[in-house]
Amino acid sequence: MVGPLDRDGDTAPFLDGTARGEFLLRRCPQGHWSEPAASTCTACGSVELSWAASTGDARLVSWAVTHGRPDGDTPPPRHVLAVVELDEGPWWWTSLVAADPEALSPGIPLRVEFARAAEQYEAVPVFRPV
Amino acid sequence: MSGPRDVAAGRRPVIAGLGLTDVGKVYGRSAQQFAADAVRLAVADAGLQMSDVDGLLTSSGVTRGVAMSLQRDLGLTDLALLSEMQAFGATAGAMVQMAALAVQSGTASVVACVFADDPLKEGKTAGSAYGTRRAPSGWGGLMGASGYAGPNPLYALAARRHMQTYGTTTEQLGAVAVAQRDWAVLNPLAQLRTPMTLADHAGSRWVVDPFRKLDCCLVSNGGAAVLVTTAERAADLARPPVHVHGWGQAHPGRLLKHSEDFGLVTGAVASGAKAFAMAGLTVQDVDVAELYDCYTYTVVVSLEDYGFCAKGEGGPFAASGALGPEGTLKLNTGGGQLSSYYLWGMTPLTEAVIQARGEAGERQADAHDIVLVSGNGGILDHHSTLILSPHPVSGGAA
Ligand SMILES: [Zn+2]
(Lines give C-alpha, C1' and ligand atoms only; values in the text may rest on other atoms or scores of the structure.)
Protein backbone atom coordinates (compact mmCIF):
# COMPACT_ATOMS: atom_id res chain seq x y z
CA MET A 1 0.00 0.00 0.00
CA VAL A 2 2.65 2.55 1.00
CA GLY A 3 6.25 2.48 -0.15
CA PRO A 4 9.47 2.20 1.83
CA LEU A 5 10.57 5.43 3.50
CA ASP A 6 13.57 6.47 5.55
CA ARG A 7 13.88 9.70 7.51
CA ASP A 8 16.17 12.63 6.94
CA GLY A 9 16.81 15.81 8.91
CA ASP A 10 13.88 17.65 7.33
CA THR A 11 11.29 14.96 7.97
CA ALA A 12 12.51 13.48 11.29
CA PRO A 13 10.14 15.48 13.57
CA PHE A 14 7.16 14.75 11.33
CA LEU A 15 8.02 11.04 11.24
CA ASP A 16 8.42 10.99 15.03
CA GLY A 17 4.77 12.08 14.96
CA THR A 18 3.60 9.45 12.50
CA ALA A 19 5.38 6.80 14.57
CA ARG A 20 3.19 7.67 17.57
CA GLY A 21 0.03 8.04 15.49
CA GLU A 22 -0.04 11.81 15.13
CA PHE A 23 -0.23 13.97 12.00
CA LEU A 24 1.88 17.03 12.85
CA LEU A 25 1.57 20.47 11.28
CA ARG A 26 3.62 23.64 11.67
CA ARG A 27 2.20 26.44 13.81
CA CYS A 28 3.37 30.04 14.22
CA PRO A 29 3.17 32.17 17.42
CA GLN A 30 -0.08 33.72 16.13
CA GLY A 31 -1.64 30.31 15.78
CA HIS A 32 -1.68 30.02 11.98
CA TRP A 33 -1.31 26.48 10.68
CA SER A 34 1.04 25.60 7.83
CA GLU A 35 1.81 22.33 6.06
CA PRO A 36 4.48 20.02 7.51
CA ALA A 37 7.14 21.00 4.97
CA ALA A 38 6.65 24.75 5.52
CA SER A 39 9.55 26.82 6.83
CA THR A 40 7.64 30.12 6.59
CA CYS A 41 4.11 30.70 7.89
CA THR A 42 1.73 30.79 4.94
CA ALA A 43 -0.39 33.49 6.58
CA CYS A 44 2.03 35.92 8.28
CA GLY A 45 5.53 35.05 7.11
CA SER A 46 6.78 34.08 10.59
CA VAL A 47 9.74 31.72 10.59
CA GLU A 48 9.21 30.75 14.25
CA LEU A 49 7.27 27.61 13.50
CA SER A 50 6.71 24.84 16.01
CA TRP A 51 5.25 21.37 15.56
CA ALA A 52 1.69 20.75 16.74
CA ALA A 53 -0.65 17.80 16.30
CA SER A 54 -3.64 18.10 14.00
CA THR A 55 -6.90 16.34 14.78
CA GLY A 56 -6.24 14.06 11.81
CA ASP A 57 -9.63 14.88 10.37
CA ALA A 58 -9.72 16.04 6.78
CA ARG A 59 -11.91 16.52 3.74
CA LEU A 60 -11.36 15.36 0.19
CA VAL A 61 -10.24 18.03 -2.29
CA SER A 62 -9.41 15.91 -5.34
CA TRP A 63 -8.48 12.34 -6.27
CA ALA A 64 -6.95 10.29 -9.06
CA VAL A 65 -6.94 6.56 -9.60
CA THR A 66 -3.87 4.65 -10.67
CA HIS A 67 -4.34 1.39 -12.50
CA GLY A 68 -1.71 -1.32 -12.11
CA ARG A 69 -0.88 -3.96 -14.67
CA PRO A 70 -3.52 -6.69 -15.07
CA ASP A 71 -2.41 -10.12 -13.82
CA GLY A 72 -4.17 -12.90 -15.77
CA ASP A 73 -7.92 -12.73 -15.18
CA THR A 74 -7.54 -10.59 -12.06
CA PRO A 75 -8.60 -6.98 -12.72
CA PRO A 76 -5.73 -4.51 -12.43
CA PRO A 77 -5.23 -3.22 -8.88
CA ARG A 78 -6.48 0.33 -8.37
CA HIS A 79 -5.03 2.84 -5.94
CA VAL A 80 -6.60 6.18 -5.06
CA LEU A 81 -4.30 9.18 -4.71
CA ALA A 82 -5.81 12.25 -3.10
CA VAL A 83 -5.35 15.86 -2.09
CA VAL A 84 -6.93 16.33 1.32
CA GLU A 85 -7.57 19.45 3.37
CA LEU A 86 -6.83 19.00 7.06
CA ASP A 87 -9.47 20.55 9.29
CA GLU A 88 -6.78 23.06 10.36
CA GLY A 89 -6.50 24.26 6.72
CA PRO A 90 -3.28 22.93 5.17
CA TRP A 91 -3.42 20.47 2.29
CA TRP A 92 -1.66 17.10 2.13
CA TRP A 93 -0.88 14.90 -0.87
CA THR A 94 -1.63 11.36 0.12
CA SER A 95 -3.45 8.18 -0.79
CA LEU A 96 -6.75 6.75 0.40
CA VAL A 97 -7.43 3.32 1.89
CA ALA A 98 -10.70 1.40 1.64
CA ALA A 99 -12.03 3.96 -0.85
CA ASP A 100 -14.38 3.06 -3.69
CA PRO A 101 -13.39 5.44 -6.51
CA GLU A 102 -17.00 5.58 -7.71
CA ALA A 103 -18.22 6.75 -4.29
CA LEU A 104 -15.90 9.73 -3.94
CA SER A 105 -16.90 13.38 -4.16
CA PRO A 106 -15.30 16.66 -3.09
CA GLY A 107 -15.72 17.43 0.59
CA ILE A 108 -16.37 13.94 1.95
CA PRO A 109 -14.90 13.46 5.45
CA LEU A 110 -11.68 11.48 5.93
CA ARG A 111 -9.56 10.43 8.86
CA VAL A 112 -5.83 9.82 9.00
CA GLU A 113 -4.21 6.50 9.78
CA PHE A 114 -0.67 5.26 9.32
CA ALA A 115 0.94 2.43 7.39
CA ARG A 116 4.45 1.04 6.88
CA ALA A 117 5.85 -0.79 3.85
CA ALA A 118 7.69 -3.04 6.32
CA GLU A 119 8.68 -2.90 9.96
CA GLN A 120 12.06 -1.27 9.30
CA TYR A 121 10.55 1.68 7.41
CA GLU A 122 8.86 4.88 8.60
CA ALA A 123 5.07 5.16 9.11
CA VAL A 124 3.36 7.01 6.26
CA PRO A 125 0.01 8.83 6.65
CA VAL A 126 -2.95 7.59 4.61
CA PHE A 127 -6.59 8.65 4.81
CA ARG A 128 -9.78 6.60 5.09
CA PRO A 129 -13.33 7.77 4.32
CA VAL A 130 -15.42 7.93 7.54
CA MET B 1 7.48 47.37 -17.94
CA SER B 2 9.75 48.38 -20.79
CA GLY B 3 8.90 46.35 -23.84
CA PRO B 4 9.94 46.47 -27.48
CA ARG B 5 7.90 49.67 -28.05
CA ASP B 6 10.07 51.49 -25.52
CA VAL B 7 13.29 51.05 -27.49
CA ALA B 8 14.36 52.29 -30.92
CA ALA B 9 12.93 50.23 -33.79
CA GLY B 10 16.33 48.82 -34.76
CA ARG B 11 16.92 47.48 -31.26
CA ARG B 12 13.68 45.55 -30.98
CA PRO B 13 14.05 41.79 -30.54
CA VAL B 14 13.38 39.23 -33.25
CA ILE B 15 13.81 35.49 -33.68
CA ALA B 16 16.14 35.18 -36.68
CA GLY B 17 17.02 31.50 -36.65
CA LEU B 18 15.39 28.17 -35.83
CA GLY B 19 17.07 24.81 -35.33
CA LEU B 20 15.27 21.53 -34.71
CA THR B 21 17.07 18.20 -34.65
CA ASP B 22 15.44 14.89 -35.50
CA VAL B 23 13.06 14.24 -32.60
CA GLY B 24 11.43 11.17 -31.11
CA LYS B 25 13.04 7.75 -30.83
CA VAL B 26 16.41 9.05 -31.92
CA TYR B 27 19.26 7.19 -30.24
CA GLY B 28 23.02 7.51 -30.11
CA ARG B 29 23.09 11.23 -29.32
CA SER B 30 23.34 12.70 -25.83
CA ALA B 31 21.25 15.68 -24.74
CA GLN B 32 24.32 17.91 -24.99
CA GLN B 33 25.00 16.67 -28.54
CA PHE B 34 21.37 17.34 -29.49
CA ALA B 35 21.77 20.84 -28.04
CA ALA B 36 24.92 21.50 -30.04
CA ASP B 37 23.24 20.21 -33.21
CA ALA B 38 20.21 22.45 -32.60
CA VAL B 39 22.36 25.58 -32.16
CA ARG B 40 24.36 24.79 -35.30
CA LEU B 41 21.12 24.33 -37.24
CA ALA B 42 19.72 27.63 -35.93
CA VAL B 43 22.91 29.51 -36.83
CA ALA B 44 22.90 28.07 -40.35
CA ASP B 45 19.18 28.79 -40.69
CA ALA B 46 19.80 32.45 -39.91
CA GLY B 47 22.70 32.66 -42.37
CA LEU B 48 25.12 33.49 -39.58
CA GLN B 49 28.47 32.05 -38.48
CA MET B 50 28.91 30.44 -35.07
CA SER B 51 31.37 33.25 -34.28
CA ASP B 52 28.49 35.74 -34.57
CA VAL B 53 26.84 34.22 -31.50
CA ASP B 54 27.76 36.16 -28.37
CA GLY B 55 25.07 34.89 -26.01
CA LEU B 56 24.05 31.36 -25.04
CA LEU B 57 21.16 30.31 -22.79
CA THR B 58 20.75 26.59 -22.14
CA SER B 59 17.87 24.52 -20.80
CA SER B 60 17.85 20.86 -19.83
CA GLY B 61 14.99 18.38 -19.70
CA VAL B 62 14.40 15.42 -17.42
CA THR B 63 17.94 14.05 -17.83
CA ARG B 64 19.51 17.41 -16.91
CA GLY B 65 21.95 16.75 -19.73
CA VAL B 66 22.78 20.22 -21.10
CA ALA B 67 25.50 22.14 -19.28
CA MET B 68 27.27 25.46 -19.75
CA SER B 69 30.13 23.42 -21.24
CA LEU B 70 28.01 23.55 -24.39
CA GLN B 71 29.95 26.79 -25.00
CA ARG B 72 33.14 24.75 -25.37
CA ASP B 73 31.44 22.12 -27.53
CA LEU B 74 30.32 24.86 -29.91
CA GLY B 75 33.73 26.53 -29.94
CA LEU B 76 32.24 29.76 -28.64
CA THR B 77 34.69 32.18 -27.04
CA ASP B 78 34.30 35.59 -25.42
CA LEU B 79 30.54 35.38 -24.88
CA ALA B 80 28.76 38.42 -23.47
CA LEU B 81 25.96 36.29 -21.97
CA LEU B 82 25.96 32.66 -20.79
CA SER B 83 23.64 30.89 -18.38
CA GLU B 84 21.68 27.76 -17.69
CA MET B 85 18.00 28.54 -17.14
CA GLN B 86 15.31 26.52 -15.39
CA ALA B 87 11.60 27.22 -15.10
CA PHE B 88 10.60 23.72 -16.25
CA GLY B 89 8.09 23.91 -19.11
CA ALA B 90 8.14 27.70 -19.01
CA THR B 91 11.89 27.86 -19.73
CA ALA B 92 11.80 28.20 -23.52
CA GLY B 93 9.64 31.31 -23.28
CA ALA B 94 11.71 32.60 -20.37
CA MET B 95 14.92 32.17 -22.39
CA VAL B 96 13.50 34.19 -25.28
CA GLN B 97 12.47 36.89 -22.81
CA MET B 98 15.97 37.00 -21.31
CA ALA B 99 17.49 37.07 -24.78
CA ALA B 100 15.09 39.82 -25.90
CA LEU B 101 16.06 41.95 -22.91
CA ALA B 102 19.72 41.29 -23.66
CA VAL B 103 19.61 42.32 -27.32
CA GLN B 104 17.40 45.36 -26.85
CA SER B 105 19.69 46.62 -24.08
CA GLY B 106 22.85 45.87 -26.05
CA THR B 107 24.07 43.33 -23.48
CA ALA B 108 24.52 40.85 -26.33
CA SER B 109 23.76 40.95 -30.03
CA VAL B 110 22.99 37.36 -31.08
CA VAL B 111 21.70 35.03 -28.36
CA ALA B 112 21.16 31.30 -28.91
CA CYS B 113 18.45 29.76 -26.70
CA VAL B 114 18.58 25.97 -26.68
CA PHE B 115 16.78 23.04 -25.07
CA ALA B 116 17.58 19.35 -25.42
CA ASP B 117 16.68 16.13 -23.66
CA ASP B 118 17.38 12.42 -24.05
CA PRO B 119 14.94 10.58 -21.74
CA LEU B 120 14.43 7.66 -24.15
CA LYS B 121 17.02 4.91 -23.92
CA GLU B 122 17.10 2.23 -26.57
CA GLY B 123 15.43 -0.96 -25.35
CA LYS B 124 13.64 0.67 -22.41
CA THR B 125 9.97 1.64 -22.22
CA ALA B 126 8.94 5.28 -22.30
CA GLY B 127 7.36 4.88 -18.88
CA SER B 128 10.72 4.08 -17.35
CA ALA B 129 12.07 7.39 -18.63
CA TYR B 130 9.91 9.54 -16.39
CA GLY B 131 8.84 9.40 -12.82
CA THR B 132 10.12 6.07 -11.64
CA ARG B 133 12.96 7.48 -9.59
CA ARG B 134 11.90 7.48 -5.97
CA ALA B 135 13.67 9.35 -3.27
CA PRO B 136 13.78 7.08 -0.24
CA SER B 137 13.70 10.00 2.22
CA GLY B 138 12.84 13.68 2.52
CA TRP B 139 9.53 15.29 1.67
CA GLY B 140 9.83 14.03 -1.89
CA GLY B 141 10.42 10.54 -0.56
CA LEU B 142 7.30 10.85 1.56
CA MET B 143 5.26 11.65 -1.55
CA GLY B 144 6.84 8.70 -3.30
CA ALA B 145 6.01 6.41 -0.37
CA SER B 146 2.44 7.75 -0.55
CA GLY B 147 2.16 6.48 -4.12
CA TYR B 148 3.24 9.48 -6.22
CA ALA B 149 5.64 9.03 -9.15
CA GLY B 150 6.26 11.75 -11.72
CA PRO B 151 3.89 14.47 -12.87
CA ASN B 152 1.00 12.30 -14.13
CA PRO B 153 -0.92 11.91 -10.82
CA LEU B 154 -0.38 15.56 -9.86
CA TYR B 155 -1.89 16.81 -13.11
CA ALA B 156 -4.62 14.17 -12.82
CA LEU B 157 -5.59 15.62 -9.43
CA ALA B 158 -5.70 19.09 -10.97
CA ALA B 159 -7.82 17.85 -13.86
CA ARG B 160 -10.26 16.05 -11.53
CA ARG B 161 -10.83 19.26 -9.63
CA HIS B 162 -11.60 21.08 -12.88
CA MET B 163 -13.98 18.31 -13.92
CA GLN B 164 -15.76 18.26 -10.56
CA THR B 165 -16.06 22.04 -10.40
CA TYR B 166 -17.02 22.87 -13.98
CA GLY B 167 -18.38 19.60 -15.30
CA THR B 168 -15.52 19.05 -17.74
CA THR B 169 -15.81 15.54 -19.19
CA THR B 170 -13.38 12.92 -20.45
CA GLU B 171 -15.03 13.21 -23.88
CA GLN B 172 -14.20 16.92 -23.91
CA LEU B 173 -10.59 16.11 -23.05
CA GLY B 174 -10.68 13.57 -25.88
CA ALA B 175 -11.78 16.30 -28.28
CA VAL B 176 -8.50 18.13 -27.61
CA ALA B 177 -6.50 14.99 -28.37
CA VAL B 178 -8.42 14.29 -31.60
CA ALA B 179 -8.15 17.89 -32.84
CA GLN B 180 -4.41 17.95 -32.27
CA ARG B 181 -3.95 14.60 -33.97
CA ASP B 182 -5.78 16.02 -36.98
CA TRP B 183 -3.11 18.72 -37.10
CA ALA B 184 -0.29 16.19 -36.62
CA VAL B 185 -1.51 14.25 -39.65
CA LEU B 186 -0.52 17.34 -41.66
CA ASN B 187 2.87 17.76 -39.94
CA PRO B 188 5.86 15.84 -41.33
CA LEU B 189 7.75 16.62 -38.09
CA ALA B 190 5.16 14.82 -35.92
CA GLN B 191 5.76 11.46 -34.24
CA LEU B 192 2.10 10.37 -34.33
CA ARG B 193 0.43 10.91 -37.70
CA THR B 194 -2.23 8.19 -37.80
CA PRO B 195 -5.70 9.75 -37.59
CA MET B 196 -7.57 9.01 -34.36
CA THR B 197 -11.16 9.28 -33.13
CA LEU B 198 -12.94 9.96 -29.86
CA ALA B 199 -13.47 6.19 -29.64
CA ASP B 200 -9.71 5.64 -29.86
CA HIS B 201 -9.30 8.08 -26.98
CA ALA B 202 -12.02 6.40 -24.92
CA GLY B 203 -10.48 3.00 -25.60
CA SER B 204 -6.91 3.90 -24.66
CA ARG B 205 -5.72 2.53 -21.31
CA TRP B 206 -5.93 4.48 -18.09
CA VAL B 207 -2.63 6.03 -17.05
CA VAL B 208 -4.11 7.61 -13.95
CA ASP B 209 -7.84 8.25 -14.04
CA PRO B 210 -9.01 10.83 -15.28
CA PHE B 211 -6.14 10.58 -17.79
CA ARG B 212 -6.01 7.93 -20.47
CA LYS B 213 -2.89 7.30 -22.51
CA LEU B 214 -4.15 9.63 -25.26
CA ASP B 215 -4.51 12.47 -22.73
CA CYS B 216 -0.76 12.42 -22.07
CA CYS B 217 2.16 13.90 -23.99
CA LEU B 218 4.79 11.95 -25.85
CA VAL B 219 8.31 11.31 -24.62
CA SER B 220 10.95 12.48 -27.09
CA ASN B 221 14.68 12.74 -27.57
CA GLY B 222 15.95 15.77 -29.45
CA GLY B 223 16.90 19.40 -29.31
CA ALA B 224 15.62 22.78 -30.46
CA ALA B 225 17.15 26.24 -30.59
CA VAL B 226 16.20 29.73 -31.60
CA LEU B 227 18.48 32.71 -32.28
CA VAL B 228 17.37 36.06 -30.91
CA THR B 229 18.85 39.27 -32.28
CA THR B 230 17.75 42.82 -33.06
CA ALA B 231 15.48 43.87 -35.92
CA GLU B 232 18.37 45.88 -37.35
CA ARG B 233 20.74 42.91 -37.34
CA ALA B 234 18.11 40.58 -38.76
CA ALA B 235 17.29 42.82 -41.70
CA ASP B 236 19.92 41.32 -44.01
CA LEU B 237 19.91 37.75 -42.66
CA ALA B 238 18.70 34.66 -44.48
CA ARG B 239 15.25 34.20 -43.04
CA PRO B 240 12.22 36.43 -42.46
CA PRO B 241 12.45 37.72 -38.88
CA VAL B 242 9.78 36.81 -36.35
CA HIS B 243 9.24 39.86 -34.17
CA VAL B 244 8.76 39.52 -30.43
CA HIS B 245 5.93 41.89 -29.50
CA GLY B 246 5.33 41.02 -25.89
CA TRP B 247 6.18 38.70 -23.08
CA GLY B 248 5.29 37.84 -19.52
CA GLN B 249 5.92 35.31 -16.78
CA ALA B 250 4.01 34.26 -13.68
CA HIS B 251 5.06 31.99 -10.83
CA PRO B 252 2.21 31.75 -8.28
CA GLY B 253 4.34 29.85 -5.74
CA ARG B 254 1.59 27.78 -4.19
CA LEU B 255 2.88 24.41 -5.38
CA LEU B 256 1.46 21.61 -3.19
CA LYS B 257 0.04 24.15 -0.75
CA HIS B 258 -3.56 24.98 0.03
CA SER B 259 -4.69 26.86 -3.07
CA GLU B 260 -8.26 27.58 -3.98
CA ASP B 261 -7.06 27.98 -7.56
CA PHE B 262 -5.52 24.50 -7.79
CA GLY B 263 -6.62 22.91 -11.04
CA LEU B 264 -9.02 25.76 -11.78
CA VAL B 265 -6.95 28.86 -12.55
CA THR B 266 -3.25 28.96 -13.48
CA GLY B 267 -0.43 31.48 -13.77
CA ALA B 268 -1.34 31.83 -17.45
CA VAL B 269 -3.87 34.48 -16.41
CA ALA B 270 -1.18 36.85 -15.11
CA SER B 271 1.49 35.83 -17.61
CA GLY B 272 -0.89 36.32 -20.54
CA ALA B 273 -2.15 39.68 -19.30
CA LYS B 274 1.39 41.03 -19.03
CA ALA B 275 2.30 39.86 -22.53
CA PHE B 276 -0.84 41.29 -24.13
CA ALA B 277 -0.37 44.61 -22.32
CA MET B 278 3.23 44.88 -23.53
CA ALA B 279 2.19 44.11 -27.09
CA GLY B 280 -0.82 46.44 -26.97
CA LEU B 281 -3.04 43.54 -28.06
CA THR B 282 -5.85 41.38 -26.71
CA VAL B 283 -6.73 37.72 -27.07
CA GLN B 284 -9.10 38.67 -29.90
CA ASP B 285 -6.04 39.61 -31.96
CA VAL B 286 -4.52 36.10 -31.77
CA ASP B 287 -4.53 34.20 -35.07
CA VAL B 288 -2.56 31.14 -33.97
CA ALA B 289 -2.18 29.81 -30.41
CA GLU B 290 0.54 27.37 -29.41
CA LEU B 291 -0.32 26.35 -25.84
CA TYR B 292 1.71 24.00 -23.68
CA ASP B 293 -0.13 20.68 -23.72
CA CYS B 294 1.57 18.20 -21.43
CA TYR B 295 -1.99 16.84 -21.00
CA THR B 296 -5.28 17.49 -22.78
CA TYR B 297 -6.51 19.11 -19.58
CA THR B 298 -3.65 21.64 -19.67
CA VAL B 299 -5.01 22.89 -22.99
CA VAL B 300 -8.53 23.21 -21.57
CA VAL B 301 -7.49 25.26 -18.54
CA SER B 302 -5.07 27.38 -20.60
CA LEU B 303 -7.77 28.23 -23.17
CA GLU B 304 -9.83 29.60 -20.28
CA ASP B 305 -6.95 31.42 -18.61
CA TYR B 306 -5.89 33.24 -21.78
CA GLY B 307 -9.52 34.20 -22.40
CA PHE B 308 -10.26 32.21 -25.54
CA CYS B 309 -13.43 31.16 -23.69
CA ALA B 310 -15.00 31.82 -20.31
CA LYS B 311 -13.71 30.17 -17.12
CA GLY B 312 -15.12 26.66 -16.92
CA GLU B 313 -16.08 26.62 -20.62
CA GLY B 314 -12.82 25.12 -21.90
CA GLY B 315 -14.27 21.63 -22.19
CA PRO B 316 -17.42 22.57 -24.12
CA PHE B 317 -15.29 24.94 -26.26
CA ALA B 318 -12.94 22.08 -27.20
CA ALA B 319 -15.85 19.75 -27.95
CA SER B 320 -17.67 22.36 -30.05
CA GLY B 321 -15.45 21.77 -33.06
CA ALA B 322 -13.58 25.06 -32.50
CA LEU B 323 -10.22 23.25 -32.56
CA GLY B 324 -8.49 21.26 -35.30
CA PRO B 325 -7.56 22.28 -38.85
CA GLU B 326 -11.20 23.07 -39.72
CA GLY B 327 -11.86 24.90 -36.46
CA THR B 328 -12.16 28.61 -35.76
CA LEU B 329 -9.13 28.76 -33.44
CA LYS B 330 -5.84 27.60 -34.96
CA LEU B 331 -4.49 25.87 -31.85
CA ASN B 332 -1.40 23.66 -31.49
CA THR B 333 -1.10 23.50 -35.23
CA GLY B 334 1.72 20.97 -35.32
CA GLY B 335 -0.09 18.48 -33.11
CA GLY B 336 1.53 19.75 -29.92
CA GLN B 337 3.22 17.64 -27.29
CA LEU B 338 0.35 15.17 -27.50
CA SER B 339 1.01 14.16 -31.11
CA SER B 340 4.08 15.89 -32.58
CA TYR B 341 7.07 15.92 -30.22
CA TYR B 342 7.79 16.69 -26.58
CA LEU B 343 10.60 19.20 -26.18
CA TRP B 344 9.09 21.03 -23.19
CA GLY B 345 8.43 24.70 -24.06
CA MET B 346 10.27 24.35 -27.36
CA THR B 347 7.33 22.39 -28.78
CA PRO B 348 4.96 25.40 -28.86
CA LEU B 349 7.82 27.83 -29.62
CA THR B 350 9.22 25.99 -32.66
CA GLU B 351 5.77 25.55 -34.19
CA ALA B 352 4.99 29.23 -33.51
CA VAL B 353 8.10 30.35 -35.41
CA ILE B 354 7.27 28.06 -38.32
CA GLN B 355 3.68 29.38 -38.45
CA ALA B 356 4.71 33.03 -38.08
CA ARG B 357 7.12 32.62 -40.99
CA GLY B 358 4.34 31.12 -43.07
CA GLU B 359 6.40 27.98 -43.68
CA ALA B 360 4.11 25.33 -42.19
CA GLY B 361 3.12 23.78 -45.50
CA GLU B 362 -0.10 21.79 -45.41
CA ARG B 363 -0.80 22.89 -41.86
CA GLN B 364 -0.14 26.59 -42.39
CA ALA B 365 -2.79 28.83 -40.86
CA ASP B 366 -4.06 31.35 -43.43
CA ALA B 367 -3.92 34.17 -40.91
CA HIS B 368 -0.73 34.19 -38.84
CA ASP B 369 -0.17 37.83 -38.01
CA ILE B 370 -0.23 37.29 -34.24
CA VAL B 371 0.99 34.03 -32.73
CA LEU B 372 0.66 33.30 -29.00
CA VAL B 373 3.14 30.95 -27.31
CA SER B 374 2.42 29.60 -23.83
CA GLY B 375 4.83 27.67 -21.61
CA ASN B 376 3.77 25.88 -18.45
CA GLY B 377 6.07 24.29 -15.90
CA GLY B 378 5.93 22.39 -12.66
CA ILE B 379 2.36 21.52 -11.73
CA LEU B 380 0.74 24.57 -13.35
CA ASP B 381 3.11 26.68 -11.26
CA HIS B 382 5.38 28.39 -13.78
CA HIS B 383 4.14 30.22 -16.83
CA SER B 384 5.72 32.15 -19.67
CA THR B 385 3.99 33.84 -22.58
CA LEU B 386 5.34 35.22 -25.86
CA ILE B 387 3.51 37.15 -28.54
CA LEU B 388 5.19 36.77 -31.92
CA SER B 389 4.49 38.22 -35.35
CA PRO B 390 5.99 38.34 -38.86
CA HIS B 391 5.35 42.10 -38.69
CA PRO B 392 7.51 44.63 -36.86
CA VAL B 393 6.30 46.24 -33.69
CA SER B 394 4.70 49.52 -34.72
CA GLY B 395 4.67 52.85 -32.92
CA GLY B 396 6.61 53.61 -29.78
CA ALA B 397 10.11 55.03 -29.68
CA ALA B 398 11.72 56.19 -32.92
ZN1 LIG C 1 1.46 33.01 11.09
Side-chain angles (χ1 to χ4, degrees), chain A residues 1-12 14-15 18 33-38 42-43 60-70 76 78-86 88-97 101-102 104-107 115-117 121-127, chain B residues 125 127 131-168 170 204-213 215-216 252-264 295 297 379-380:
Chain A
M1 179 58 61
V2 300
L5 179 70
D6 288 330
R7 61 179 50 207
D8 70 0
D10 287 349
T11 56
F14 181 77
L15 294 172
T18 65
W33 296 92
S34 295
E35 72 279 5
T42 310
L60 184 61
V61 175
S62 190
W63 69 98
V65 187
T66 65
H67 293 244
R69 303 244 172 239
R78 297 193 296 178
H79 185 62
V80 182
L81 299 170
V83 184
V84 305
E85 181 174 326
L86 278 299
E88 291 80 5
W91 285 10
W92 184 248
W93 301 67
T94 184
S95 61
L96 302 186
V97 291
E102 274 71 47
L104 299 175
S105 62
R116 295 174 195 263
Y121 295 119
E122 299 290 343
V124 176
V126 294
F127 285 77
Chain B
T125 65
T132 49
R133 293 164 302 168
R134 269 194 189 175
S137 66
W139 296 112
L142 187 44
M143 280 195 82
S146 300
Y148 289 82
N152 290 340
L154 300 171
Y155 272 91
L157 288 160
R160 173 87 62 195
R161 195 150 188 256
H162 195 279
M163 297 167 89
Q164 288 288 322
T165 304
Y166 301 122
T168 311
T170 184
S204 68
R205 70 174 172 84
W206 289 116
V207 173
V208 47
D209 180 358
F211 289 153
R212 296 183 178 278
K213 184 170 189 293
D215 289 300
C216 303
R254 290 185 284 274
L255 185 63
L256 305 186
K257 295 185 175 196
H258 186 141
S259 166
E260 298 303 332
D261 285 348
F262 174 70
L264 307 181
Y295 303 92
Y297 149 77
I379 311 302
L380 305 165

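Letters go in sequence order (proteins before strands), and every chain restarts at 1.
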*Point-to-point distance, once rounded to the nearest 0.5 Å, from OG of S146(B) to CE of M1(A)*: 11.5 Å
*Show your reasoning for whether ring pair (Phe, Tyr, Trp, His ring centres under 6.0 Å) applies to W92(A) and Y148(B).*
CA-CA 12 Å; W92(A) 184 248; Y148(B) 289 82; 9.5 Å; no
Determine whether [X] and [Y] make a side-chain contact, defined as any pair of heavy atoms from C-beta on separated by less than 4.5 Å.
| X | Y | result |
| --- | --- | --- |
| R160(B) | S62(A) | yes |
| E35(A) | K257(B) | yes |
| L256(B) | W91(A) | no |

Top of [options] for chain B proximity - count of heavy-atom pairs under 4.5 angstrom:
| options | result |
| --- | --- |
| T42(A), D6(A), T66(A), L86(A) | D6(A) |
| A82(A), A38(A), A12(A) | A82(A) |
| S34(A), P101(A), G89(A), G9(A) | G89(A) |
| L81(A), D8(A), V2(A) | L81(A) |

*Closest approach of G138(B) and L5(A), non-hydrogen atoms and distance?*
O-CD1, 4.4 Å
_Where P153(B) and A64(A) come nearest, the two heavy atoms and their spacing_ =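 Smallest interatomic distance, heavy atoms only, reads O-CB, 4.3 Å.
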What part of [X] is in contact with chain B, defined as an atom under 4.5 angstrom from a non-hydrogen atom: side chain, backbone, both or neither?
| X | answer |
| --- | --- |
| F14(A) | side chain |
| V83(A) | both |
| A37(A) | both |

_Assess the residue pair R205(B) and H67(A) against the criterion (side chain to side chain contact (heavy atoms under 4.5 Å, CB included)); give the C-alpha distance rounded to whole Å, side-chain angles, the decisive distance to 0.1 Å, and a yes or no._
CA-CA 9 Å; R205(B) 70 174 172 84; H67(A) 293 244; over 6 Å; no
*Quick one: do W63(A) and R161(B) satisfy side chain to side chain contact (heavy atoms under 4.5 Å, CB included)? Show the steps, please.*
CA-CA 8 Å; W63(A) 69 98; R161(B) 195 150 188 256; over 6 Å; no
*Please step through side chain to side chain contact (heavy atoms under 4.5 Å, CB included) for the pair W93(A) and L142(B), ending with a clear verdict.*
CA-CA 9 Å; W93(A) 301 67; L142(B) 187 44; over 6 Å; no
